[in-house]
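Below is one structure, written out as structure tokens, with a few remarks after it.
Here, residue 1 is the first one in the sequence, and each next residue gets the next number.
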Amino acid sequence: MYSDEKKIINKEIEILLLINSIENEVYDLPTCVKDILNGKYEDVINNKLSSNLIEELNNSNDVFKSIHNNIEKTDLYDSWLCTGIASLLYFIQLNWTGPQVTKKVEWQKMKQEDILKDLFLSLHDECNTNVNMSELLYFSKIIFSNEILQNTYNTCTWWLFRANFLHQLILNENSGIIFDEAEYLIEKINDLQLLKENVYCETLFYIEVAQFYFYYRRIQNSEKYVKLAQERAKLSLNLEGALGKRTKYQEEDKAQLLLRINLGKEKFFSRCCKNLPKSLNLNDDIKLEHTQFSINMENTELGAVEEAIVLGKYIQLQLSQPKDKLTDEEITPYLTVVVNNTKNWSLKMSSLYHRCSLESGSKRTVERSMMQIEYLIHELKNTKVSVANKMDLFFASGLKPVWALEQMWARLMLSLGLVKGALDVFLKLELWEDVIVCYNILDLKHKAAEIICQEISKNPSVQLWCLLGDATQDSSHYETAWKLSKEKSSRAQRHWGFFYFEKQNYKEAIPHLKLSVELNNIQESVWIRLGFAALQIGDWKLAATAYKRYCALEQTTFEAWNNLAKAYIKLGDKAKAWKCLQDAIKCNYDQWQVWDNLMVVSIDLGYFSEVIQCYHRILDLKSRHLDIQILDILTNAVLNNINDSNGNSAQKLLSKVLELFGRITSFVPNNPDVWRMYGQLTILKKTDIDNDKAVQYIQQAYRIAVSNPKWLLQENSVEKVLQLCCILAEIYLQYSLSCELKKKRILLASAKLSLQGVIKTVKELKWNIEKITISLGKVEKYLNVVISELEQIKLTN
């Protein structure tokens with residue numbers, strides 16, 4: 001037991017532990033605190049307190065209760081807090097930062113299998129098999145969740161949030177339970193006086209929360225906290241263009257993107273780490289190592305916290321934008337700043353990892369990517385960098401665990417055709433899905449089932465039974481996995497549902513998919529398939545529920561928003577459908593089908609201005625598009641002066657509607673309906689020039705309609721021509737009221753000829769249909785009016 005363990009840890013020391021900073025000159029630190037800040041986590045874990053507990057814990061059937069009872073009956077709160085922190089940081093060292101150690105700690109005497117089976121750690125799911133000493137995380141979570149410690153230390157809740165996030169990172173599935181608990185802790189920490197008094201801690205917390213939301217792909221939440229961190233750090237990040245070269249043989253400077261950084265205050269304190277991981281050279285025949293700008297660029301010197309914000313901004317932009325080369329061009333400057341300038345070990349490792357991921361898709365950079373990730377894996381064994389240095393800003397860096405680095409390395413080898421090398425790594429990591437992929441590439445499909453059966457015989461698990469079901473296409477294996485989990489595994493139901501889904505047996509798939517999301521409600525892949533399956537069988541309510549939940553989790557998939565809108569339309573809720581389509585457009589501004597759907601819903605709801613905008617956007621995307629029904633409704637709204645959804649007169653949109661028709665007639669010159677509507681709208685402007693145009697447009701509509709000999713053969717086309725004649729007569733008569741006598745005679749004579757020709761032709765065919773007879777009678781009446789007007793002109797002369 002430490003001699004000074006009863007010494008109360010004050011607020012300043014709590015902060016030092018939280019930010020992993022040691023200042024011996026200022027504080028008289030307890031020994032256990034010094035040991036933690038110097039990276040001596042084993043010494044803290046193996047103290048007398050832990051030794052006294054181990055016998056009781058080994059004999060206890062309820063470890064959680066035993067630890068809480070010990071905390072309650074002792075006043076050694078400082079030792080408990082330090083033990084929890086040391087356990088968590090040692091767990092990080094073993095699984096994230098390295099170097100690995102062979103020395104045992106006393107708590108490791110407990111059986112790891114018992115720990116993993118405990119609900120407090122497993123949450124009905126399996127931990128990654130590569131996790132080392134998971135009991136350390138288990139103990140730290142129990143300690144930090146103690147109410148006495150939380151009431152004694154402001155930072156205890158923050159430590160619990162950190163432990164919870166690490167807990168998620170070692171699970172094979174995303175946990176809704178952990179997510180909900182972490183969000184509750186975020187709210188509690190946001191209310192801490194500590195954040196209001198210490199800008200550094202406040203900024204650091206916002207970055208860590210952003211990293212948490214990055215993992216779950218909560219784009220809006222992560223963006224919110226990145227923005228808050230920027231504001232607290234008074235950090236301004238702006239992309240700018242500058243002339244420069246990117247290739248060795250480039251002769252002329254061209255515009256290149258760079259990140260302009262402005263800092264509105266002194267940078268936060270950070271310590272420099274020596275022996276940082278190196279960025280490997282590209283060694284490409286064409287591409288330069290770095291963009292060479294034509295002028296010297298002055299770099300704003302940043303602290304490690306500011307660099308963590310820049311890296312966070314890079315990740316946020318990457319998640320929120322579509323995956324394409326343009327996006328890569330726009331976000332790379334953020335990453336480059338951190339890779340080239342940081343003196344923090346965790347940030348250097350994390351930024352290089354992200355660069356490997358970014359470069360893995362290009363044939364010019366994929367080889368460097370593979371070598372770089374292999375180098376990073378070896379760098380974890382580097383003992384030249386102290387454990388304490390490696391822990392600086394670990395929680396803000398988003399550093400990946402050891403097995404994630406090795407998995408990326410193997411996948412990069414696979415992409416370069418090094419299948420056997422990749423297979424060896426996948427086998428070591430027990431990544432059976434990747435193992436199956438490798439065997440399929442090697443034409444050894446039978447080996448996939450063999451290796452899984454072999455592993456099941458050693459240690460049966462839900463994952464293995466599910467993968468065996470996938471490999472053999474035998475659904476009974478999913479049932480075995482389900483029973484093995486005591487009917488608690490969302491994975492078993494997911495695989496079972498996907499099995500039927502891929503066979504397009506949607507009715508059979510739905511019960512399994514529904515049960516899977518009931519057990520774990522943050523499975524995006526299950527929600528979207530459940531929504532699609534429900535659409536296929538016409539269960540609109542279930543489809544709407546599933547797609548709504550999916551869109552809450554993954555907000556950037558326009559197809560999901562589109563399908564959610566479809567479900568709402570089927571349910572008769574067009575207002576919600578309209579909002580969903582607005583979100584779909586935000587996700588993909590260049591998908592004309594979504595604009596078309598939005599246009600249809602907008603016309604139904606009376607959003608006439610939105611209809612015009614949608615139609616223009618569709619024309620931008622596909623040049624030619626004709627929707628007579630939409631144009632007809634829009635035209636009638638303007639002609640009849642109908643109010644839009646906001647109560648405004650549709651005639652206020654006349655000029656915009658005419659602009660749209662002008663654009664449409666430029667590429668659809670032979671549609672009588674378009675010219676007819678164009679003419680009806682144009683005459684509303686009531687100027688001589690527009691009246692002339694209106695008559696010309698109606699004449700064009702008439703000529704096109706009667707030039708097609710097939711118009712006489714169908715009832716609908718005959719009816720349309722007769723209606724067009726009525727409109728033609730109306731507009732000619734209306735225009736003739738304001739014309740000089742000579743022009744009036746010409747107009748009415750033209751109208752007379754047009755009407756007589758159609759009347760004669762229709763009568764010859766002897767249509768005996770009431771609808772046509774009525775329309776024909778109307779045309780004859782108009783003809784009589786025209787003839788009467790012509791007779792009147794003769795009498796005048």
Verify whether one side chain among [X] and [Y] offers a donor that lies under 3.5 Å from an acceptor in the other.
{"X": "S602", "Y": "D604", "answer": "no"}
{"X": "D632", "Y": "T635", "answer": "no"}
{"X": "R676", "Y": "Q680", "answer": "yes"}
{"X": "E719", "Y": "Q723", "answer": "yes"}
{"X": "N648", "Y": "N643", "answer": "no"}
{"X": "Q318", "Y": "Y314", "answer": "yes"}
{"X": "K693", "Y": "Q696", "answer": "no"}

Are the side chains of [Y] and [X] in contact, using a 4.5 Å heavy-atom criterion?
{"X": "L535", "Y": "W540", "answer": "yes"}
{"X": "V594", "Y": "W561", "answer": "no"}
{"X": "L335", "Y": "L358", "answer": "yes"}
{"X": "C614", "Y": "D596", "answer": "no"}
{"X": "N174", "Y": "Y215", "answer": "yes"}
{"X": "V695", "Y": "L728", "answer": "no"}
{"X": "L733", "Y": "L748", "answer": "yes"}
{"X": "F661", "Y": "L681", "answer": "yes"}

Approximate separation, where rounding is to 0.5 Å, of [X] [atom1] and [Y] [atom2]:
{"X": "L598", "Y": "K579", "atom1": "CG", "atom2": "NZ", "result": "13.5 Å"}
{"X": "I683", "Y": "Y697", "atom1": "CD1", "atom2": "OH", "result": "12.0 Å"}
{"X": "R663", "Y": "H616", "atom1": "CZ", "atom2": "NE2", "result": "6.0 Å"}
{"X": "I261", "Y": "L237", "atom1": "CD1", "atom2": "CG", "result": "6.0 Å"}
{"X": "H625", "Y": "I664", "atom1": "NE2", "atom2": "CD1", "result": "8.5 Å"}
{"X": "K245", "Y": "S294", "atom1": "NZ", "atom2": "OG", "result": "7.5 Å"}

- Begin with the C-alpha distance, continue with both residues' side-chain angles, and end with the deciding distance and a verdict on side-chain hydrogen bond (donor to acceptor under 3.5 Å, both in side chains) for Q699 and Y732. CA-CA 10 Å; Q699 285 175 341; Y732 272 55; 2.5 Å; yes

Specify the closest pair of heavy atoms between [X] and [Y], including all atoms of both residues, with the distance to one decimal.
{"X": "I522", "Y": "W527", "result": "N-NE1, 4.4 Å"}
{"X": "F532", "Y": "Y506", "result": "CE2-OH, 3.5 Å"}
{"X": "K778", "Y": "C726", "result": "CB-SG, 3.9 Å"}
{"X": "A650", "Y": "A637", "result": "CB-O, 3.4 Å"}
{"X": "V600", "Y": "I603", "result": "O-CG2, 3.0 Å"}
{"X": "G679", "Y": "A694", "result": "O-CB, 3.5 Å"}

- For D573, what residues pass the side chain to side chain donor-acceptor pair (under 3.5 Å) criterion, not counting sequence neighbours? none

[X] bridged to [Y] by N-O distance under 4.0 Å:
{"X": "D583", "Y": "K586", "answer": "yes"}
{"X": "D644", "Y": "K652", "answer": "no"}
{"X": "E329", "Y": "R246", "answer": "yes"}

- Ring centre gap for W578 and Y568 strictly below 6.0 Å: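 W578 vs Y568: aromatic centres not under 6.0 Å.
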
Main chain of [Y], side chain of [X]: is a donor-acceptor contact present, judged purely on distance under 3.5 Å?
{"X": "Q651", "Y": "V638", "value": "yes"}
{"X": "S362", "Y": "E359", "value": "no"}
{"X": "E240", "Y": "L258", "value": "no"}
{"X": "Q523", "Y": "S516", "value": "yes"}
{"X": "Q250", "Y": "E252", "value": "yes"}
{"X": "N640", "Y": "N636", "value": "yes"}
{"X": "W675", "Y": "P669", "value": "yes"}

Please tabulate, one pair per line, all N/O donor-acceptor pairs under 3.5 Å involving side-chain atoms of residues 749-759, not counting sequence neighbours.
unit_1 : atom_1 : unit_2 : atom_2 : d
S754   : OG     : S750   : O      : 3.1

- Determine, for F498 and R529, whether the Lys NZ or Arg CZ falls below 6.0 Å from the six-membered ring centre while staying within 45 degrees of the axis. yes

- Considering residues, nucleotides and ligands other than K622, do more than 12 of their heavy atoms fall under 6.0 Å from its NZ? yes

- Message: With a sphere of 6.0 Å drawn around CD1 of I689, does it hold more than 12 non-hydrogen atoms of other residues, nucleotides or ligands?
- Response: no

- Yes or no on side-chain contact (heavy atoms from CB on, under 4.5 Å) for R217 and L553, after CA distance, side-chain angles and deciding distance? CA-CA 7 Å; R217 299 182 65 84; L553 297 173; over 6 Å; no

- Task: Go through the structure and list residues passing ring pair (Phe, Tyr, Trp, His ring centres under 6.0 Å) with F179, not counting sequence neighbours.
- Result: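 With neighbours one apart ignored, the set is F212, Y216.
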
- Task: Report the C-alpha separation of Q582 and E610 in whole Å, then their side-chain angles, then the decisive distance to 0.1 Å, and conclude whether the side-chain hydrogen bond (donor to acceptor under 3.5 Å, both in side chains) test is met.
- Result: CA-CA 11 Å; Q582 291 280 0; E610 190 82 22; 3.1 Å; yes

- Task: Take C587 and T557, measure what side-chain contact (heavy atoms from CB on, under 4.5 Å) needs, and give me the verdict at the end.
- Result: CA-CA 6 Å; C587 301; T557 308; over 6 Å; no

- Message: Would you call the rings of Y225 and Y213 parallel, tilted or perpendicular, taking 30° and 60° as the class edges?
- Response: parallel

- Task: Under the side-chain hydrogen bond (donor to acceptor under 3.5 Å, both in side chains) rule, what do Q316 and K313 come out as? Steps first, then yes or no, please.
- Result: CA-CA 5 Å; Q316 182 253 313; K313 186 66 178 177; 3.2 Å; yes

- Query: Step by step, would you call N588 with D590 a side-chain contact (heavy atoms from CB on, under 4.5 Å)?
  - Reply: CA-CA 5 Å; N588 192 332; D590 297 329; 3.8 Å; yes

- Query: Under the salt bridge (charged side-chain N to carboxylate O under 4.0 Å, His left out) criterion, do E330 and K325 qualify, and how do the steps go?
  - Reply: CA-CA 9 Å; E330 290 177 351; K325 290 184 178 181; over 6 Å; no

- Message: Run the side-chain contact (heavy atoms from CB on, under 4.5 Å) test on I528 and N563 for me, step by step, so that the C-alpha distance in whole Å, both residues' side-chain angles and the decisive distance to 0.1 Å come before the verdict.
- Response: CA-CA 10 Å; I528 196 167; N563 287 343; over 6 Å; no

